[in-house]
Amino acid sequence: MIVDFERFVAAESPYWAALETMLSTCEKDAGKSLAVPEVKELHYLYQRASSDLVRLKGFPNEPRVRARLEALVARAYAEIHEVRGRSRRLKPVQWVTLTFPTTFRRRRSAFSLVVAATLAGVLFGAFAIWLDPDAKTIVLPFQHLSGNPSERVAYEEGRTDDPVGEMAPMFSARLMTHNIRVTIFAMALGVTLGVGTLILLFFNGIILGAVVCDYVLAGETAFVAGWLLPHGAVEIPAILVGGQAGLVLGKALLGSGDSTPVSLRVRAVADDVLTLVIGAALFLVWAGIIEAFFSQYHEPVLPYWIKITFGSIEILALSLYLSLAGRKDRHA
Amino acid sequence: MLKKITASLDILTPEGVAFSLPLAGPFLRFLAWVIDFACVSSIVMLLGACVNLISPILPRLSATMSILVYFCATMGYGMLLEWFWRGQTIGKRMLGLRVADDHGLRLKFSQIALRNLLRAVDALPFLYATGGTACVCSRHHQRLGDYAAGTVVIRHVNEPAADLTAVQPGKFNSFRAYPSLEARLRQRVSPQEAGLALQALMRREEFEPEARTRLFGEFAAYYRKLAPFPEEATFALTDEQYMRNVVETLFRPRSAAAAPATRGLSSSQSALLVPPPPEK
């Protein structure tokens, strides 16, 4: 019990001030490691402030002192009881060679599911166009895709002007930002327990399957492969990785068979979700550049076999990167 | 005694210490978002104007940069500010709000990024209708992004000192002659009880005479029983005057409490504060 409040505050204030100073130092530099004596001191000051707060609870009419002490104890609690790794300085090389590919592999079951959803959409879209070509205007509600494929191929191959020309950088920027937004949306739909993510990817699959089937049925397989492969080889996996992040989040929210509280489950996957989204965004920057500066050129300017080979090499490189990078590291 | 009308995040530490962080409600958060929206729009316009300066020389590059600037500003504003300002954006700072971990732990960058990326869903279908609805329905006023990232938005509360001039204008408080009894009174009264007594006195003119007499009669009886003072201190005091003395005793500011004694001790000084570790 505090009998003399003034004396209590006078005696304890230096300890509170010392704790405040230590906390400010810790908070300013998140990567800083404290020496053992400093840790002991911090813990002692925290316990002392906590004890003071408990004593103040029985002395309720000093709201300012109580508020100050509560804020101090809250900050100290955050520093002392945080068991997750501290945010360290960014290490881009390590992130690219280790963090991202190992995170991708650790969450491969989610990736398998998004691939399945997309493939289901592709098959559905292809089947719809094959069965009922008149449904094209419904399945492909985009003006540049609704025309006759052969006519478009003839037009593209007969062009003498530059299809994108000086507009290429702007076109590239538009593609990048749009696709990154779509990927973020696919991830964000994970809050619907992953259902929204799967629906979005299924519909993306429908469009992809319908376009490919439409061109293949028109006998323009080389054109559609040369058109889509160079950028699609990276763009489609990137969106799938965004969907993978969404499913990881959705699974954490759903928590089937896991009795851990939802907030702890989500906390445990937050780093992985962010890693996957950043990785997908980086892929999309590359895809945006290729789509604007490479994919839009067709025969006779750029032979299809070159474009198809380029796309195939991208797929191979991406597969090797995602499946092998970081495997030799003992932490992987 | 008082109905709790504002939400708070209550945390009980393993040491058994409880503290609570007051949470920001949907309306306050909406206001902060409006300010932030204005800030983002201003930033986009300002940077757009800068990019336009190169438009006469490099029009394509200028157009490309405009697209990228818009994207980076809208996506990065919340993330960067909340990271560097420890959970605050301009709007939140102006309204005294802050993003915090929902377990009271240190906020991580992945949490900040996630709560900002999930605005894509919270903003649907317009004006954050989804996020706003989730915020209203949630116990901790969390939008979906907060829920998924394990964050809450707390608010700073500046507890104002009670205005005792309206309660005890220039009157002598006979309780002051008994400091130990005053200390006991302060110790036995909860914050809710003290607040209720203060509110009753502040609003005493609004009561009907009969209700006023009855109310202060009940209050005084309760406090007389809770922490009795000798007859010399309470002689000829009406119930209302008794309660004025009580409230003045409870809320009287103390100089030592208002000013922290020492700030910014050197490391050697602070080291002296810690007792030496026990010898093995």
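Lettering of chains follows the sequences in order, A, B, ..., and the numbering in each one begins at 1.
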Student: Kindly compute the distance separating CG (B/L21) from CD (A/E70), expressed to the nearest 0.5 Å.
Tutor: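 One gets 8.0 Å once the value is rounded to the nearest 0.5 Å.
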Student: Do B/L118 and A/F185 have side-chain heavy atoms sitting under 4.5 Å apart?
Tutor: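 Contact flag for B/L118/A/F185 side chains = no.
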Student: Given that the side chain runs from C-beta out, which part of B/R86 has a heavy atom under 4.5 Å from chain A: side chain, backbone, both or neither?
Tutor: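 For B/R86, the side chain is the part near chain A, not the backbone.
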Student: Show the nearest heavy-atom pair for residues A/M170 and B/T64, with the distance to one decimal.
Tutor: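 Closest pair (atom of A/M170, atom of B/T64, distance): N-OG1, 3.2 Å.
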Student: Calculate, to the nearest 0.5 Å, the distance between atoms CG and CG belonging to B/D102 and A/L264 respectively.
Tutor: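 Rounded to the nearest 0.5 Å, the CG-CG separation comes to 8.5 Å.
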Student: May I ask you to test the A/E79-B/L105 pair for a side-chain heavy-atom distance under 4.5 Å?
Tutor: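 They are not in side-chain contact.
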Student: Given side chains that start at C-beta, do those of B/I67 and A/M176 come closer than 4.5 Å, heavy atoms only?
Tutor: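 B/I67 vs A/M176: side chains apart.
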Student: I need the residue from A/A188, A/A270, A/G196 with the largest number of non-hydrogen atom pairs under 4.5 Å to chain B.
Tutor: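 When all of A/A188, A/A270, A/G196 are compared, A/A188 has the most.
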Student: When heavy-atom pairs shorter than 4.5 Å are enumerated against chain A, which of B/P14, B/G150, B/A149 gives the highest number?
Tutor: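 So the answer, after comparing B/P14, B/G150, B/A149, is B/P14.
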Student: Quick check for you: to the nearest 0.5 Å, what is the distance between A/Q47 atom CD and B/T13 atom OG1?
Tutor: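 So the gap between those two atoms works out to 9.5 Å.
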Student: Where do A/Y77 and B/H103 come nearest, in terms of heavy atoms and distance?
Tutor: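 For A/Y77 and B/H103, the tightest heavy-atom pair comes out as CE2-O, 3.2 Å.
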Student: Non-hydrogen atoms of chain A under 4.5 Å away: do they reach the side chain of B/L61, the backbone, both or neither?
Tutor: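 When you check distances to chain A, no heavy atom of B/L61 falls under 4.5 Å.
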Student: Apply side chain to side chain contact (heavy atoms under 4.5 Å, CB included) to A/T177 and B/M75, showing your working.
Tutor: CA-CA 10 Å; A/T177 53; B/M75 297 298 293; over 6 Å; no
Student: Should we count CZ of B/F71 as having more than 12 external heavy atoms under 6.0 Å?
Tutor: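 Count over threshold, so yes.
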Student: Please walk me through it: do A/V262 and B/Y147 pass side chain to side chain contact (heavy atoms under 4.5 Å, CB included)?
Tutor: CA-CA 9 Å; A/V262 65; B/Y147 188 65; 3.7 Å; yes
Student: List the steps and the verdict of side chain to side chain contact (heavy atoms under 4.5 Å, CB included) for B/F19 and A/L53.
Tutor: CA-CA 9 Å; B/F19 60 89; A/L53 183 59; 4.3 Å; yes
Student: Checking B/Q111 against A/L274 for the side chain to side chain contact (heavy atoms under 4.5 Å, CB included) test, could you report, in this order, the C-alpha distance in whole Å, the side-chain angles of both residues, the deciding distance, and whether it holds?
Tutor: CA-CA 9 Å; B/Q111 290 178 287; A/L274 185 63; over 6 Å; no
Student: If you draw a 6.0 Å radius around CH2 in A/W95, do more than 12 non-hydrogen atoms from other residues or ligands fall strictly inside?
Tutor: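 For A/W95, atom CH2 is crowded (more than 12 foreign heavy atoms under 6.0 Å).
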Student: Heavy-atom count around B/Y70 OH within 6.0 Å, excluding the residue itself: above 12?
Tutor: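 12 or below, so no.
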Student: Is there side-chain contact between A/R181 and B/T74, with heavy atoms separated by less than 4.5 Å?
Tutor: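 The answer is yes, as the side chains (C-beta and beyond) meet within the 4.5 Å cut-off.
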Student: If you count heavy-atom pairs under 4.5 Å with chain B, which of A/I278, A/V277, A/I180 comes out on top?
Tutor: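 Of A/I278, A/V277, A/I180, A/I180 has the most heavy-atom pairs under 4.5 Å with chain B.
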Student: Answer yes or no: is there a side-chain heavy-atom contact under 4.5 Å between A/D271 and B/K108?
Tutor: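 A side-chain contact under 4.5 Å exists here.
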Student: Flag the one option from A/V273, A/T192, A/L249 with the top tally of heavy-atom pairs under 4.5 Å to chain B.
Tutor: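 The option with the most such pairs is A/L249.
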